[in-house]
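For reference, the structure is listed below as structure tokens.
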2 protein chains.
Amino acid sequence: MHGNSSPDDKLEALPFGPFDPAQDRTLELGLRRWVHDQTGLDLGYVEQLYTFGDRNRDPMESEGGPRVISVAYLAFVRESRLSGAGNALWRDWYYFLPWEDWRSGRPAMIDEVIFPALRQWVRRARDSASRRESTERCDIAFGCGEALWTPERVLERYELLYEVGLAEESERDNQRKKMQPLGPKAVHERGDMSGQGLGCSMAFDYRRILATALGRLRGKVKYRPVVFELLPAAFTLSQLQRVLEALAGARLHKQNFRRLVETGGLVEGTGRMDVQTGGRPAEIFRFRREVLRERPAPGVGLPGLAIRQI
Amino acid sequence: MHGNSSPDDKLEALPFGPFDPAQDRTLELGLRRWVHDQTGLDLGYVEQLYTFGDRNRDPMESEGGPRVISVAYLAFVRESRLSGAGNALWRDWYYFLPWEDWRSGRPAMIDEVIFPALRQWVRRARDSASRRESTERCDIAFGCGEALWTPERVLERYELLYEVGLAEESERDNQRKKMQPLGPKAVHERGDMSGQGLGCSMAFDYRRILATALGRLRGKVKYRPVVFELLPAAFTLSQLQRVLEALAGARLHKQNFRRLVETGGLVEGTGRMDVQTGGRPAEIFRFRREVLRERPAPGVGLPGLAIRQI
DNA sequence: GTAATAGTGTCTTTCAGACAGTATGAC
DNA sequence: GTCATACTGTCTGAAAGACACTATTAC
């Protein structure tokens, strides 16, 4: 979700609100309250993500502003409800993290922009030890060499792109804190990557938060049936597959997927049929709550998620 | 780890410290600094856990004290280093959560104390809908009925015990906030469970934090090689198995465990042998870092972890 | 008929989970 | 020898991953 109460109007931002200890019994209730106040929406599934408190995450801090600590939450909202909800509007998250979307094949920017930049960055490392370490980091994050592309390493990838200078934010943040000494991690000399920014940048460290959320969700979907929070009570297997593919950012093998969720006891068919959409009518399925008792970690152990395309 | 800077001296507590935005660039660096200042320890592996901010988690709040927000972290410290480290001392976490330790079989207290209390609690539910819901919660958390005992549901179990009144903390907290209206979740009438407290209680909501940590670690160990942060660089497979069993709170099948970690590429043998400990000498193994590239989620998919004993 | 979507059957390989058994030390 | 720990071999059944194939709609 997107709220445009951002510092300057051009920047994309996540919705945020204050926490008022006097008013809200818990952090989560506080979240629900201000989301409701700002947008009229009542959140369903909500999960605490991570607490961000790095220095200068709010650029105003370098001009004497206070340190801002944000407790980030991940929440689901049905797209249909969003129209006319305050000043929030809908955004595909791959608009901000386009390299994460492999649904129509491996994104070209990975080979054309990211890999060259990573190689250049590795070459600029101070010594051979840090060069080796950097190579390993790149390999694991982006699945170079023998390594596989692992969908849930979203944050590792974003942080690498940020360090390399492929995220507009890194350029912006650097201008603001140029008086600050470099941390121990900055073992690379700075290169000029301006204009190479990938995906739409966001205010503050919001893109990092978004990356945290996507990574967490991709991981969680495997051992908890969170997908069903994103679907109506009744759905077809194709719908379920499309939602999972949107989360995973990859295509799934249709037949195996069907078998996985059906024989895995995650869903059950109702006898009913879907209204036609240009093909054979699909059966309507529903989530089998009982699976929570039967299996210790009921999720979709996404088949062939490690890179293989359909 | 245990720090005794607790409100009254009798209560067990987790170590904690203030966050000083002026001094610390990040929350994690702040953590490392005050742990060092208080105990002289330099933390190794550190992971942010969860941020706790419920009303009255600090009992002083009901007497006009401020709302305390705690960003909890999980960190590893080698036991040997702990002797004489400030006023911190070592505690087995099963001292606080004894029902979580199945290493010497199913703890008797589950059948003798917990199940009767849960059944009584379910019976006291207002209506049949909430009774059904409560039954399902108990089944899933504690593996009753057809459900399996799932080691990582530590927090769900603790919260249930707290609600049921089997945690001393719930009695204590209730006395302090008796003027407060009941939340929507309190659909059960209150029973008298005093004196039935299970495990050692802790100050504030620290036992909830501990339960969060154990649950998270049990989950994480399956898809990230965190175990090796708890072991020296060289170890025997038996040592590795013992550490994993301590985390999982369950016995693992020895032969399958060996095969799993060896053929899974998680460890590799050095030719060297261990000093004898009353049996055939064991080979010394080490962690194979390369596994991070080879497998998307390299961890120990703990074999037979779902209840089965050796 | 074609195009498009939905759904079935089956084969192979891999691996978890269990079995029993052997090897090398201390005593 | 016994006891204790370390390690090996193998069987079985359940899945993952891939194959080809049939079914029902709209046009």
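None of these values were measured; they are calculated from a predicted model. Labels below follow one simple rule: chain letters A, B, ... track the order of the sequence lines, proteins then strands, and each chain is numbered from 1.
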Self-check item: Spacing of B/R258 atom CZ relative to C/dA18 atom P, expressed in whole Å
Solution: 18 Å
Exercise. For the pair A/K220 and A/E152, find out whether any cationic side-chain nitrogen is under 4.0 Å from an anionic carboxylate oxygen.
Key: no
Self-check item: Residue closer to the 5' end of DNA chain D, A/G279 versus A/T263 (nearest nucleotide)
Solution: A/T263
Quiz item: Is B/E100 salt-bridged to B/R218, going by a charged N under 4.0 Å from an acidic O?
Solution: yes
Exercise. Rounded to the nearest angstrom, tell me the gap between atom NZ in B/K254 and atom C1' in D/dG9.
Key: 15 Å
Quiz item: A/N256 CG to C/dT8 C1': how many Å, rounded?
Solution: 13 Å
Quiz item: Are the charged groups of A/E159 and A/R208 less than 4.0 angstrom apart, N to O?
Solution: yes
Exercise. Determine the interplanar angle of the A/Y223 and B/Y223 rings, folded into 0 to 90°, and report it as parallel if under 30°, tilted if 30 to 60°, perpendicular if over 60°.
Key: parallel
Practice problem: Rounded to the nearest angstrom, tell me the gap between atom CD in A/E262 and atom C1' in C/dG7. | Solution: 9 Å
Quiz item: B/Q255 side chain: which of C/dT8, C/dA18, C/dA20 is closest?
Solution: C/dA20
Self-check item: Distance, rounded to the nearest Å, where B/D274 contributes CG and C/dA23 contributes P
Solution: 21 Å
Self-check item: Separation of D/dG17 P from A/L260 CG (nearest whole Å)
Solution: 9 Å
Quiz item: A/R280 CZ to D/dT25 C1': how many Å, rounded?
Solution: 9 Å
Exercise. Evaluate the criterion side-chain contact (heavy atoms from CB on, under 4.5 Å) for residue pair A/F285 and A/E262; output intermediate values, then yes/no.
Key: CA-CA 10 Å; A/F285 284 77; A/E262 256 197 289; 3.8 Å; yes
Under 3.5 Å, sequence neighbours excluded: what are the donor-acceptor pairs made by side chains of residues 225-240 of chain B?
{"residue": "B/T236", "atom": "OG1", "partner": "B/Q239", "partner atom": "N", "Å": "3.2"}
{"residue": "B/Q239", "atom": "OE1", "partner": "B/T236", "partner atom": "N", "Å": "2.9"}

Quiz item: What is the distance from CZ of B/R251 to C1' of C/dA18, rounded to the nearest Å?
Solution: 17 Å
Quiz prompt | Side chain A/R259 and base C/dG9 donor-acceptor under 3.5 Å | solution = no
Exercise. Please work out if A/S238 contacts a base, only the sugar-phosphate, or nothing of the nucleic acid, heavy-atom cut-off 4.0 Å.
Key: sugar-phosphate
Exercise. Strictly below 4.0 Å, heavy-atom distances to any atom of DNA chain D: list the hits from residues 282-291 of chain B, or just say none.
Key: B/A282, B/E283
Practice problem: Would you mind checking if A/R103 and A/E245 are paired as a salt bridge, meaning a charged N to carboxylate O distance below 4.0 Å? | Solution: no
